Amino acid sequence: MGRAAHQVTTRHLGAVYPFAAEPGLGASGVVVGRDLLGGVFAYDPFELYRDGVLTNPNLVVFGQIGRGKSALVKTYLWRQAVFGRRAWVVDPKGEYGPLAEAWGVTPLSLRPGGHVRLNPLDAPGIGLAHGPGGRSGLAVRSEAGGRSGHGETARRRAELLVSLAAAGLGRALAPTERTAVELGVTAVSTGSTSVPTLPDVVDALLAPTAQTAAAVRTDAAGLAADGRQVALELRRLVTGDLCGMFDGPTTPGIDLDGPLVVLDLSAVYHSAALGVLMTCATAWLQTRLQQGVTSGVLLVVDEAWAILRNLEVARWLQASWKLARAWGVANMVVLHRVSDLQSGGPAGSEQANLAQGLLADSETRIVYAQPAGEVELAARLLGLSSTEAELVPQLRRGVGLWKVGSRSFLVEHRLSPSEVGLIDTDSRMLRA
């Protein structure tokens, strides 16, 4: 005797149809690997933004050590080169050397007393121009907007220095200190055709002019006292233990036209000031993006916990994140644990709110395996379903949960034999 027929709409029937597969994000962009729910998984934040799938191109990548996040980031940058994309990387551990070698470029190694200097106060109006002998040098270009353009540049410089000083001092700056920084930056930025440097600002803070002090109804001695603690902290980058990296004009001859730029900070990885130095390096790269560099740049900040753990620096980074669309850049932050986003404060604190804001401005979240203790926080911050939260601690190596806009994917990252050498971070352990 036959079973009674059951009628159902095609919308509901699709849930039980055995040959249904997730349609994915389309075929445009880099092939990452295999969608475990069916099909090939390809992803490109710029294409998805143009198609209206994403409202911003930024990414956040989480993953415990050894679960495959570094392999994903490095091979993704390598594969993007096929599409003419460029990558700029802040590398605190010196792990991007093999990738740079494959690309035929040399990382810019930053170390105290080294031969490479980057001026974090370089402005959008300062470009790299080719000088005699084909070497690059700094050339001044007029900024659109006249006074307003210079005013905006001075504001951005002051914001950066406030963040650096607060990170070094371990506290928020007082209003008098902030004012001293703003006046010092304005003083060295006005009426000069050369780019100000950190030593210029330190001198302006330690010995302000009477004219500068008069702007806030005080005298030069009073303004110098207001900014003295900030000046002494910034002086570490000029003549102290951190000198020789960000304390002068940018070294001529730096090539930013290649497919990959790596700023190697491994010489200072164990320094307590790593976050300050990473912020300087990131700021320098961002000023270059404002100069109208070809769009489609991926800016990677690895080991980003060093930046995010300080409140003032986290504020600065989030403000920069919001400019990604205007600059034509996809920012990529790489972290170990979801709790790294809240390393500076408890739930409800400004630090926690900044973390949520950074996530809101990063519509792609890639999660490799997390410890069981991280699951509750991950579910809350990343909007994981109960099923996704259950899966996260169980993800095997190379498999990540991708949250792209409002959609979720389980993706197995695939490596080609030629890519293995680009991502090996275990060689020392295997030789031990």
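For clarity, every value in this text was computed on a predicted model and none was experimentally measured.
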Determine whether Thr55 and Glu363 satisfy the following criterion, side-chain contact (heavy atoms from CB on, under 4.5 Å), listing intermediate values before the conclusion. CA-CA 7 Å; Thr55 59; Glu363 247 189 317; 2.8 Å; yes

Please determine whether side-chain contact (heavy atoms from CB on, under 4.5 Å) holds for the pair Phe409 and Leu25, giving the CA-CA distance in whole Å, both sets of side-chain angles, and the decisive distance to 0.1 Å.
CA-CA 10 Å; Phe409 306 88; Leu25 296 170; 3.7 Å; yes

Could you go through Lys93 and Asp302, starting from their C-alpha distance and side-chain angles, then the distance that decides it, and tell me whether this counts as salt bridge (Lys or Arg N to Asp or Glu O under 4.0 Å)? CA-CA 9 Å; Lys93 295 173 70 175; Asp302 210 334; over 6 Å; no

Between Ile254 and Val261, does the side-chain contact (heavy atoms from CB on, under 4.5 Å) criterion hold? Intermediate values first, please. CA-CA 10 Å; Ile254 291 177; Val261 175; 6.0 Å; no

One pair to check against side-chain contact (heavy atoms from CB on, under 4.5 Å): Leu277 and Leu237. What are the steps and the verdict? CA-CA 9 Å; Leu277 302 175; Leu237 294 165; 3.7 Å; yes

Step by step, work out the salt bridge (Lys or Arg N to Asp or Glu O under 4.0 Å) result for Arg85 and Asp44.
CA-CA 10 Å; Arg85 310 286 191 207; Asp44 187 285; 3.2 Å; yes

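Taking each heavy atom of Gly184 and Ala204 in turn, the nearest pair found is O-CB, 4.0 Å. Contact record, Pro196 with Leu121: O-CB, 3.6 Å, taken as the closest heavy-atom pair. Contact record, Val32 with His413: O-CD2, 3.2 Å, taken as the closest heavy-atom pair. Of all non-hydrogen atoms in Gly29 and Ala42, the two that sit nearest each other are O-CB, 4.2 Å. Residue Asn56 comes nearest to Ala360 through the heavy atom pair ND2-O, 3.5 Å, listed as atom of the first residue, atom of the second, then distance. Counting all heavy atoms, side chain and backbone alike, Leu299 lies closest to Leu285 at CD1-CD1, 3.6 Å.
Glu376 CD to Gln370 CD: the interatomic distance, rounded to the nearest 0.5 Å, is 14.0 Å. To the nearest 0.5 angstrom, Leu422 atom CG is 9.0 Å from Leu415 atom CG. Here CG of Asp340 is found 8.0 Å from CZ of Phe62. Values are rounded to the nearest 0.5 Å. Here the CG atom belonging to Leu54 is positioned 11.5 Å from the CZ atom belonging to Arg325, to the nearest 0.5 angstrom. Put simply, CG on Leu205 and CG on Leu183 are 9.5 Å apart, with the number rounded to the nearest 0.5 Å. Residue Leu384 holds its CG atom at 8.0 Å from OG of Ser408, rounded to the nearest 0.5 Å.
Under a 3.5 Å cut-off, the side chain of Lys69 and the backbone N or O of Gly400 do not form any donor-acceptor pair. Remark: side-chain polar atoms of Asp51 are not paired, donor with acceptor, to backbone N or O of Val53 under 3.5 angstrom. The main-chain N or O of Gly240 is never found under 3.5 Å from a side-chain atom of Arg235 such that the two would form a donor-acceptor pair. A distance-only check finds a donor-acceptor pair linking the side chain of Arg79 to the backbone of Val31 [under 3.5 Å].
Checking Thr209 against Thr212 by side-chain atom types alone, a donor-acceptor pair falls below 3.5 Å. Judged purely by distance below 3.5 Å, without hydrogens or angles, the side chains of Trp305 and Glu303 pair a donor atom with an acceptor atom. Of the N and O atoms on the side chains of Asp122 and Trp284, at least one donor lies less than 3.5 Å from an acceptor on the other residue. Under 3.5 Å, the side chains of Glu419 and Thr75 contain no donor-acceptor pair of N or O atoms. Judged by distance alone, the side chains of Trp321 and Ser362 do bring a donor and an acceptor atom under 3.5 Å apart. Side chain to side chain, Ser109 and His115 fail the donor-acceptor criterion of an N or O pair below 3.5 Å. Side-chain contact of Ser189 with Arg157: a donor-acceptor pair under 3.5 Å is present, judged by distance alone. A donor-acceptor contact closer than 3.5 angstrom is absent between the side chains of Arg178 and Thr176. A donor atom on one side chain and an acceptor atom on the other are not found under 3.5 Å apart for Thr197 and Asp247. A side-chain donor from one of Asn58 and Asn331 sits under 3.5 Å from a side-chain acceptor of the other.
Between Met332 and Val301, every side-chain heavy-atom pair lies at or beyond the 4.5 Å cut-off. Using a 4.5 Å heavy-atom cutoff, the side chains of Val333 and Leu59 are not in contact. Within the 4.5 Å cutoff, the side chain of Asn119 has heavy atoms near those of the Val195 side chain. Inter-residue side-chain proximity for Trp78 and Leu99 is flagged as met; some heavy-atom pair is nearer than 4.5 Å. Looking at Tyr368 and Leu72, their side chains come closer than 4.5 Å, going by heavy atoms from C-beta outward. Residues Phe83 and Val30 form a side-chain contact, since some pair of their non-hydrogen atoms from C-beta on lies under 4.5 Å apart. For the pair Val338/Leu382, a side-chain contact is recorded, criterion being any heavy-atom separation below 4.5 Å from C-beta on. Looking at heavy atoms from C-beta onward, Asp264 lies out of side-chain contact with Leu108 at the 4.5 angstrom threshold.
Heavy atoms from other residues, nucleotides or ligands lying under 6.0 Å from CZ of Arg50 number more than 12. More than 12 heavy atoms of other shown residues, nucleotides or ligands fall within 6.0 angstrom of atom CD in Gln394.
Ring geometry, Tyr43 versus Tyr76: the interplanar angle falls from 30° to 60°, so the pair is classed tilted.
With respect to the salt-bridge test (charged N to carboxylate O, under 4.0 angstrom), the residues Glu412 and Arg414 qualify. Between Lys403 and Glu388 there is a salt bridge, with a side-chain nitrogen of the basic residue lying less than 4.0 Å from a carboxylate oxygen of the acidic one.
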